[in-house]
Amino acid sequence: MYLISPIFFIPIILSVIGLTKYRFLKIFSKASNGIGVGLHLVSVFLLPFPLFVKILTLLEINFLIGAIAYIRANRLKKDCIKCDYQGNWDDCPGMKKIRDKLYEHGFRERKS
């Protein structure tokens with residue numbers, strides 16, 4: 001499983017070159033990444049190595065997921081800057097549902 005899991009991360013290339021604008025490829029890419037992460041995690045827990053080595057091995061998957069999140073955040077930021085509200089979530093009607101959930105669950109405080 002450990003050796004097979006990297007194969008499922010190959011569709012990340014689709015994201016990097018911008019082909020995930022198509023719905024099918026976006027779904028395929030995310031499903032493939034999920035399968036790859038799952039296989040990687042299960043295989044690391046089953047490896048007969050000391051805990052320290054397992055933790056180091058899990059850090060590599062954390063780095064990969066972090067890189068994906070960074071790419072996504074940059075794309076979202078570019079879209080927000082192009083908008084009339086320029087990333088001002090307090091006034092943006094498109095972010096209202098998300099903003100209200102953040103307030104509701106205490107992840108964000110309302111400005112006075």
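This is a predicted model, so every value here is computed, not measured.
Not a single donor-acceptor pair under 3.5 Å links the side chain of Ser29 to the backbone N or O of Leu25. A donor-acceptor contact shorter than 3.5 Å is absent between the side chain of Ser5 and the backbone of Leu39.
Looking at Val37 and Leu41, their side chains come closer than 4.5 Å, going by heavy atoms from C-beta outward. Proximity of Phe9 to Leu64: side-chain heavy atoms (C-beta onward) are separated by under 4.5 Å at one or more points. The shortest distance between side-chain heavy atoms of Phe49 and Ile55 does not fall below 4.5 Å. Taking 4.5 Å as the limit, every side-chain heavy atom of Met1 sits out of range of all side-chain heavy atoms of His40. With a 4.5 Å cut-off on side-chain heavy atoms, Thr57 and Tyr2 count as touching. Put simply, the side chain of Asp90 reaches to within 4.5 Å of the side chain of Arg108, judged on heavy atoms.
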Verify side-chain contact (heavy atoms from CB on, under 4.5 Å) between Leu46 and Val42, making sure each step is shown before the conclusion. CA-CA 6 Å; Leu46 296 177; Val42 169; 3.8 Å; yes

Apply the test side-chain contact (heavy atoms from CB on, under 4.5 Å) to residues Ile81 and Gln86: give CA-CA distance (whole Å), side-chain angles for both, the deciding distance (0.1 Å), then the verdict. CA-CA 4 Å; Ile81 289 172; Gln86 295 186 349; 5.5 Å; no

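Taken from NZ in Lys54 to CG in Leu59, the straight-line distance is 14.5 Å, to the nearest 0.5 Å.
Counting non-hydrogen atoms of other residues, nucleotides and ligands closer than 6.0 Å to CD of Glu109 gives a total of 12 or fewer. Counted within 6.0 Å of CZ on Phe28, heavy atoms from surrounding residues, nucleotides or ligands total 12 or fewer; the atom is thus considered open.
With sequence neighbours excluded, no residue forms a salt bridge (charged side-chain N to carboxylate O under 4.0 Å, His left out) with Arg75. Every residue was checked against the ring-ring contact (aromatic ring centres under 6.0 Å, His included) condition with Tyr85, not counting sequence neighbours, and none meets it.
Relative orientation of the His105 and Phe107 rings is tilted, given thresholds of 30° and 60° on the angle between their planes.
Ile35 is connected to Ile4 through a chain of hydrophobic side-chain contacts under 4.5 Å among Ile, Leu, Val, Met, Phe, Trp and Tyr, so both are in one cluster. Linking ILVMFWY residues whenever their side-chain heavy atoms come closer than 4.5 Å, directly or via other members, places Ile71 and Ile68 in the same cluster. Grouping the Ile, Leu, Val, Met, Phe, Trp and Tyr side chains by contacts below 4.5 angstrom, directly or via other members, places Leu3 with Leu58.
The pair Asp91-Arg99 fails the salt-bridge criterion, with no side-chain N (NZ, NE, NH1 or NH2) lying under 4.0 Å from an Asp/Glu carboxylate O.
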